[in-house]
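Comments concern the structure below.
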Amino acid sequence: MEEATFECDLIRAILKRVWTTRSSANDALDSEVGVETSKKNRPTSANGNALKLTCELLRVFITEAVQRAAAIAEAEGVCQIEATHLESILPQLLLDF
């Protein structure tokens with residue numbers, strides 16, 4: 001049985017929005033300085049394999065975060081994961097990834 005993962009179209013839309021926002025911010029900075037580059041006119045994109053790999057990486061990252069937070073919650077005798085549990089595991093999780 002295959003584990004559920006993120007929809008590639010969703011991840012593509014999120015990445016596209018981030019790239020567009022960053023591009024707009026960089027355009028504003030470039031227009032102030034007067035720098036012209038060929039990259040500015042080229043849209044950023046990701047191929048299908050990169051998108052599938054990104055989806056899988058996000059799935060593994062979130063699964064690991066939930067498992068670690070659940071272990072902390074269980075050690076505290078709580079049945080529900082709270083924001084404080086995620087906050088406590090986040091530094092080490094980011095170092096591990």
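None of the values given here were measured: they were computed from a predicted structure. Values reported hereafter were calculated over all heavy atoms of this structure, with side chains retained and with hydrogens, waters and symmetry mates removed.
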Surrounding CD of Glu64 (heavy atoms of other residues, nucleotides or ligands, distance under 6.0 Å), is the total greater than 12? yes
Between [atom1] of [X] and [atom2] of [Y], what distance do you get to the nearest 0.5 Å?
X     : Y     : atom1 : atom2 : value
Ile11 : Leu51 : CD1   : CG    : 7.5 Å
Gln67 : Ile72 : CD    : CD1   : 13.0 Å
Arg59 : Cys55 : CZ    : SG    : 11.0 Å

Cluster check [X], [Y]: I/L/V/M/F/W/Y, side chain < 4.5 angstrom:
X     : Y     : value
Leu57 : Leu15 : yes
Val60 : Val66 : yes
Leu90 : Ile81 : yes

Do the charged groups of Asp9 and Lys16 touch, with an N to O distance under 4.0 Å? no
Electrostatic pair Glu56-Lys52, nearest N-O below 4.0 angstrom: no
Looking only at heavy atoms, which two atoms of His85 and Glu76 are closest? And how far apart? NE2-OE1, 2.7 Å
Where do Leu86 and Ala69 come nearest, in terms of heavy atoms and distance? CD2-CB, 3.7 Å
Answer whether the closest heavy-atom distance between the side chains of [X] and [Y] falls below 4.5 Å.
X     : Y     : value
Phe6  : Thr54 : no
Glu82 : Glu87 : no
Gln92 : Leu95 : yes

Checking Phe61 against Leu94 for the side-chain contact (heavy atoms from CB on, under 4.5 Å) test, could you report, in this order, the C-alpha distance in whole Å, the side-chain angles of both residues, the deciding distance, and whether it holds? CA-CA 9 Å; Phe61 182 83; Leu94 290 174; 3.9 Å; yes
